[in-house]
Every structure is written in structure tokens, then in C-alpha cells.
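First comes the structure, then the notes that go with it.
Start at 1 and go down the list; that is how both ligands and their atoms are numbered.
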Amino acid sequence: MHREPSRRLGHTIHAFGTVDSTQAEASRLAAVGAPEGTVVMASHQTAGRGRRGRQWLDAEGENLLMSVVLRPPVPPEQAPQLSLVGSVAMVDALRASAGLRASIRWPNDVMMGERKICGMLPEATTSAPGALGHLVLGIGLNVNQAAFPEPVRALATSVRLETGRESDVGEMMESVLAALDRWYTRFLAAGIDGVREAWLERSQSIGRRARAGAGREGVAVDLARDGALLLRTDIGETLRIVAGDVTMEAADAARH
Ligand code: BTN
């Protein structure tokens, strides 16, 4: 599908029924020169990829499964910042298209309270040492799925479960692309400084007690410019959490 090139993102959309993974398909297209802003979407994935090597399962035709090819002129170590950009955009898109007030759980899960409604997966390739080739930003938004299998049943939600009504997945994608276009443009102009405040405003992680394993525990106090979560330990040290799973306790537990 070709659309007016009025925006940086979404000028070309490759829409599939079933694919292995929109990430894999978008990476294949990017490797043969697909321009920035190319989008791959599908109604079902047979090998959907989640963070940290996990699977991303979907109910056919019910959710938004999309990957966007980005070519930001930044070094590879800044690639994770793009998922912060994506999560800020997703909060705005859910507000604009469904009236939902979502928040971000570090680094880029989009949440309705304690339930995840959207996951993001930034996958970067390097073209030469120190140079980012392209980055594929994968977005999995639960739109019309009304029930989730174990083990995610208690941890997941969807736009439909939150609003009580079905939404058009294509319209949802348009809203996501419009918000992503805005925030990505801001990122290109100002770097992470153009997005960090917005991330902090939309975050549910700051102020909460967090555990990152191996005794790494404290209250989340800030987002570093490189995207690391900063924890203040009980003895006043600052810990940088750069990757991995973080367990958050309830908001008021941070004060005990
Ligand atoms: C996460 O684990 O939170 C990230 C999930 C990302 C899932 C999306 S669905 C569309 C795109 N294609 C994939 O295979 N994964 C991403």
C-alpha cells in the first residue's frame, strides 16, 4: 500500500495476513534498502518475537502487529532510546484514539495499571563499527483480544477490555504512526533530551521500589540520558539498570 509521502513514517505499508514475524520481514526489507518509515504489519505471526528471546503470541486478526524501519543518524549505543520514543508515542496514541490513560513501565512496556497492553522491541543492526545501519522498532498492541492464555492471563489487557468496545486495528495503526512520527521527529531534532521529560511524565516506574536481581534493589528515581533506570538504594547509593527484568513493587511500598 502506498500513501502520500507527507510523513516520515508510514509512507509505504506492507500488509500481510500471516508472517513469521513482522520484525523478520521488516529486517529483510531494510537489508535490501527499504527506506526509513517503511512499515510491515500482519494480522497473525507464527514466530512473533518478544524481548529477551521470549515469544510474542497473538490471537489472529485481533491485535496490531507492526514493525517500522528507522534509520536514525545515531551511534548503535543510542538504539535503545528509540523504544523510549516509541513508548511515549504509544501512550499518546492510546489517549487520542481510545481515550485511555496508559503509562510506561521501564523501559518500554505500555501499561494500564499493572497490566501490559503493548510491548516494544527495538532491533538494531550495525553497518560498520560504530555506525547504526537500521533499526526495526516492533510494536505489539493488544487491540481486540478479549481473553489471554496462561501464563499472561493476569498480566495482559487490551483496548477492548479497557474500553468495553472493539476498535479498528487499521485506525489504531494510523494513530500510532502519527504519534510516532511526531516524537521521532522531535528525537531527530533534539535527541533524547527532546523526549526524556515526556517519558518521565508518562512513567509509572519513577518513585516505585524496584528489584533487578542479585541484590540490586532500590527506589527508581530517574531515567539517565542513555535510557538506564537509576535506583537509589537504602544506603543512598545510585544503581544504574541498563537491561533485564525489573520487578516493581506497589507505588506506596516505596515509602516503607
Ligand atoms: C515485548 O516483549 O514486550 C516486545 C513485544 C514486541 C512484539 C511485536 S509484535 C510486532 C513485532 N513483530 C515481532 O515479532 N515482535 C514485535
Who pairs with Glu150 by side-chain hydrogen bond (donor to acceptor under 3.5 Å, both in side chains), at least two apart in sequence or on another chain?
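Residues passing side-chain hydrogen bond (donor to acceptor under 3.5 Å, both in side chains) with Glu150: Arg153.
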Atoms in ligand 1 flagged as close to Gly48, the criterion being non-hydrogen separation under 4.0 Å:
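That gives atoms 14 (O) of ligand 1.
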Hey, which atoms in ligand 1 end up nearer than 4.0 Å to a heavy atom of Ser21?
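Heavy-atom distances to Ser21 below 4.0 Å select 12 (N), 13 (C), 14 (O).
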Say whether, by atom type as modelled, one donor and one acceptor occur between the side chain of Ser205 and the main chain of Trp106 under 3.5 angstrom.
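Such a contact is found between Ser205 side chain and Trp106 backbone.
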Do Leu137 and Val74 share a hydrophobic cluster (ILVMFWY, side-chain heavy atoms under 4.5 Å, transitive)?
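Same hydrophobic cluster.
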How far is atom 11 (C) of ligand 1 from its nearest protein heavy atom, and which residue and atom name does that atom have?
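Scanning the protein heavy atoms, the shortest distance from atom 11 (C) of ligand 1 goes to Thr22 OG1, 3.2 Å.
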Identity and separation of the nearest protein heavy atom to atom 5 (C) of ligand 1
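Looking only at protein heavy atoms, the one closest to atom 5 (C) of ligand 1 is Trp56 CE3, 3.3 Å.
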As a check for students: among [options], identify the option with a heavy atom nearest to [atom].
{"atom": "atom 3 (O) of ligand 1", "options": "Arg54, Lys116, Met120", "answer": "Lys116"}
{"atom": "atom 1 (C) of ligand 1", "options": "Arg51, Gln23, Arg52, Met41", "answer": "Arg51"}
{"atom": "atom 12 (N) of ligand 1", "options": "Arg49, Glu25, Gln45", "answer": "Gln45"}

Around atom CZ of Arg95, are there more than 12 heavy atoms of other residues, nucleotides or ligands at under 6.0 Å?
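Not buried by this count: 12 neighbours or fewer within 6.0 Å.
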Heavy-atom contacts under 4.0 Å between Asp58 and ligand 1: side chain, backbone, both, or neither?
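It is neither; nothing of Asp58 touches ligand 1.
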Heavy-atom distances under 4.0 Å are what count here, so tell me which part of Met66 touches ligand 1: side chain, backbone, both or neither.
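Within the 4.0 Å criterion, Met66 contacts ligand 1 through backbone atoms alone.
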Nearest heavy-atom pair of Val85 and Tyr184: which atoms, and what distance?
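Between these two residues, the closest heavy atoms are CG1-N, 3.8 Å.
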Run the side chain to side chain contact (heavy atoms under 4.5 Å, CB included) test on Leu64 and Val176 for me, step by step, so that the C-alpha distance in whole Å, both residues' side-chain angles and the decisive distance to 0.1 Å come before the verdict.
CA-CA 10 Å; Leu64 177 59; Val176 171; 4.0 Å; yes
Give the C-alpha distance, both sets of side-chain angles, the deciding distance and a yes or no for side chain to side chain contact (heavy atoms under 4.5 Å, CB included) between Val246 and Ile241.
CA-CA 9 Å; Val246 172; Ile241 310 297; 3.8 Å; yes
